[in-house]
Peer 1: 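Quick one: the structure is below, and I'll ask about it shortly.
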Number of protein chains: 2
Amino acid sequence: MSDPTGFAPHDHRACVSSALAAAEAACAERGARLTPLRRRALEILLESHKALGAYDLLERLAAEGLGDKPPVAYRALNFLTEQGFVHRIERLNAYVACAHPEAGEGHGAAFLICRDCGRVAEALASEAPLAADARGAGFAVEDAVVEARGLCPQCQPGSRP
Amino acid sequence: MSDPTGFAPHDHRACVSSALAAAEAACAERGARLTPLRRRALEILLESHKALGAYDLLERLAAEGLGDKPPVAYRALNFLTEQGFVHRIERLNAYVACAHPEAGEGHGAAFLICRDCGRVAEALASEAPLAADARGAGFAVEDAVVEARGLCPQCQPGSRP
DNA sequence: GTGAGGCCGTTATGTTATAACGCATTGCTA
DNA sequence: TAGCAATGCGTTATAACATAACGGCCTCAC
Ligand SMILES: [Zn+2]
Ligand SMILES: [Zn+2]
Ligand SMILES: [Zn+2]
Ligand SMILES: [Zn+2]
């Protein structure tokens with residue numbers, strides 16, 4: 001099982017730069033183009049371990065003169081999610097940078113979403129959840145979404161305010 | 001582990017009527033009011049094991065003269081989901097009738113969503129998924145969404161077209 | 001009967017997402 | 001080098017999903 005990165009204090013500088021490096025490398029290898037706009041969108045998402053709505057991202061991009069119409073944000077997000085650099089959080093209609101760039105493309109992930117501070121931790125799916133139920137039903141799982149809402153360690157009663 | 005109702009052939013008449021009866025009973029017990037509008041909304045959702053968008057439901061209601069403005073549908077859906085008679089499918093922005101009315105209010109559920117025919121099977125969450133990861137992170141899970149997309153038995157290559 | 005609360009009709013608006021057209025750049029190919 | 005296909009992005013418009021807020025009506029407790 002993996003460390004669900006996101007809540008525990010860590011060297012976030014390294015976290016960001018290794019994610020960017022991984023994205024560069026993956027693009028180079030796949031012949032995908034990490035354009036300035038896409039790269040900047042990824043950087044913005046990497047700034048925090050929080051999920052950002054498409055329009056929040058767009059606002060940030062617009063502030064930097066990088067485009068201010070919805071399709072600009074959605075196209076960047078589509079590219080980044082297709083490449084596996086960003087995940088969509090269905091419960092929030094929002095997008096979070098992948099916290100496990102070292103895991104492959106299309107890795108299964110599970111998310112822990114703090115309802116208080118909004119941070120999102122990403123755990124690599126230890127095993128396909130539902131596997132037993134799916135087998136029982138003869139259902140062929142193609143991809144699964146696992147999203148838990150709750151309180152992160154810092155936001156639980158008893159932790160320092 | 002429970003039978004993930006929804007794909008396997010079954011006595012759907014009984015399926016519908018037992019769900020309605022369970023809803024009636026639960027409302028009676030809790031002092032909640034299953035008004036004609038709410039009841040009809042639930043019936044419509046029960047007709048198929050598919051998820052319906054709020055506006056699809058609204059269209060159905062409107063056709064019967066039961067209201068044609070978005071809040072009508074959303075209020076009914078809110079009531080039904082609060083009572084546990086209906087679940088929201090986050091990935092689809094849609095709503096499906098609970099297939100396990102016998103399970104308690106607020107039971108944890110996992111969904112198998114067929115991308116071809118649109119049917120949704122509901123499995124009672126065998127065990128809190130993520131439990132291990134959440135413990136590892138010191139995260140207190142309040143509720144979890146588990147939604148798998150794939151192909152149901154009838155829609156898999158090899159089954160009768 | 002009166003007041004409180006629940007339910008619903010309605011208007012208006014907010015939020016999230018996509019379709020579709022056109023232009024510019026890139027990189028190939030004839 | 002000229003032509004051409006593919007990709008990225010600017011832009012307009014619209015679709016799809018969801019809620020805020022007000023007012024009327026009914027029911028039930030007091
Ligand atoms: Zn970090
Ligand atoms: Zn928190
Ligand atoms: Zn049924
Ligand atoms: Zn199917």
Side-chain angles (χ1 to χ4, degrees), chain A residues 23-24 26-28 30-42 44-45 50-83 85-96 113 118 145 147, chain B residues 23-24 26-28 30-42 44-45 50-83 85-96 113 118 145 147:
Chain A
E24 303 266 22
C27 285
R30 295 171 202 161
R33 296 172 51 194
L34 190 61
T35 64
L37 174 60
R38 292 166 173 177
R39 188 191 158 94
R40 184 65 192 129
L42 178 56
I44 289 169
L45 289 171
K50 298 187 183 172
L52 230 49
Y55 282 77
D56 295 330
L57 172 63
L58 181 58
E59 211 172 300
R60 297 285 312 270
L61 293 172
E64 303 178 16
L66 288 169
D68 61 343
K69 308 290 193 307
V72 171
Y74 282 100
R75 283 196 287 238
L77 287 168
N78 285 344
F79 173 83
L80 295 170
T81 52
E82 274 163 15
Q83 298 296 322
F85 307 149
V86 164
H87 303 292
R88 174 177 165 86
I89 306 296
E90 298 291 345
R91 297 188 74 159
L92 303 177
N93 294 328
Y95 305 82
V96 70
I113 305 160
V145 162
E147 297 173 359
Chain B
E24 302 265 22
C27 284
R30 294 170 200 162
R33 297 173 49 194
L34 190 62
T35 64
L37 175 61
R38 290 165 175 179
R39 187 190 158 93
R40 184 64 191 130
L42 179 55
I44 290 169
L45 289 172
K50 298 185 182 173
L52 230 50
Y55 282 75
D56 295 330
L57 172 63
L58 181 56
E59 213 172 299
R60 296 286 311 269
L61 293 172
E64 304 178 15
L66 287 169
D68 62 342
K69 307 292 193 305
V72 170
Y74 282 102
R75 282 196 289 237
L77 288 168
N78 285 344
F79 173 85
L80 295 170
T81 51
E82 275 163 14
Q83 299 296 323
F85 307 147
V86 163
H87 303 293
R88 175 177 165 83
I89 306 296
E90 299 291 345
R91 296 187 76 158
L92 303 179
N93 294 329
Y95 304 83
V96 71
I113 305 160
V145 163
E147 296 174 359

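Please read these numbers as outputs of a predicted model, since none were measured by experiment. Throughout, a chain's letter reflects where its sequence line sits, starting with A, and its residues are numbered from 1.
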Peer 1: Would you mind building the protein contact string for nucleotides 25-30 of chain D? One character per nucleotide, 5' to 3', B for base within reach (heavy atoms under 4.0 Å), S for sugar-phosphate only, - for untouched.
Peer 2: ------

Peer 1: Could you identify which residues of residues 52-73 of chain B place a heavy atom less than 4.0 Å from some atom of DNA chain D, listed by residue number, or say none?
Peer 2: Tyr55(B), Pro70(B), Pro71(B)

Peer 1: Hey, what do you get for NE2 (His87(B)) to CG (Leu45(B)), rounding to the nearest 0.5 Å?
Peer 2: 11.5 Å

Peer 1: Minimum heavy-atom separation for Ile44(A) to Leu52(A), with atom names?
Peer 2: CG2-CD2, 3.8 Å

Peer 1: Hey, does Arg38(A) reach any base, or is it just sugar-phosphate, or nothing, if we go heavy atoms under 4.0 Å?
Peer 2: sugar-phosphate

Peer 1: Starting from P on dG8(D), measure out to CG on Leu34(A) and report it in whole angstrom.
Peer 2: 11 Å

Peer 1: Does the side chain of Tyr55(B) reach to within under 4.5 Å of the side chain of Tyr74(B), using non-hydrogen atoms?
Peer 2: yes

Peer 1: What is the distance from atom OG1 of Thr35(A) to atom CZ of Arg75(A), rounded to the nearest 0.5 Å?
Peer 2: 11.0 Å

Peer 1: Start at the 5' end of DNA chain C and walk down; is the nucleotide closest to Leu92(A) or to Arg75(A) reached first?
Peer 2: Leu92(A)

Peer 1: Would Arg88(A) and Val96(A) count as a side-chain contact (heavy atoms from CB on, under 4.5 Å) here? Give the steps.
Peer 2: CA-CA 6 Å; Arg88(A) 174 177 165 86; Val96(A) 70; over 6 Å; no

Peer 1: How far does OH of Tyr95(A) sit from CG of Leu80(A), to the nearest 0.5 angstrom?
Peer 2: 11.0 Å

Peer 1: Just how far, in rounded Å, is P of dC9(D) from CG of Leu77(A)?
Peer 2: 12 Å

Peer 1: Using a 4.0 Å heavy-atom cut-off across all strands, classify Phe79(B) as base, sugar-phosphate, or nothing.
Peer 2: nothing

Peer 1: Got a second to check how far Leu58(A)'s CG is from Asp68(A)'s CG, nearest 0.5 Å?
Peer 2: 6.5 Å

Peer 1: Side chains of Gln83(B) and Arg38(B): any donor to acceptor distance under 3.5 Å?
Peer 2: no

Peer 1: How about Leu66(A) and Arg40(A): do any of their side-chain heavy atoms sit closer than 4.5 Å?
Peer 2: yes

Peer 1: Can you tell me how far CD1 of Ile89(A) sits from CD of Glu147(A), rounded to the nearest 0.5 angstrom?
Peer 2: 5.0 Å

Peer 1: What is the separation between atom CG on Leu37(A) and atom C1' on dG8(D), rounded to the nearest whole Å?
Peer 2: 9 Å

Peer 1: Students should find this one: the first and last nucleotides of DNA chain C, 5' to 3', lying under 4.0 Å from a heavy atom of chain A. What are they?
Peer 2: dT16(C) to dA20(C)

Peer 1: How long is the straight-line distance from NZ of Lys50(B) back to CD1 of Ile113(B), given to the nearest 0.5 Å?
Peer 2: 14.0 Å

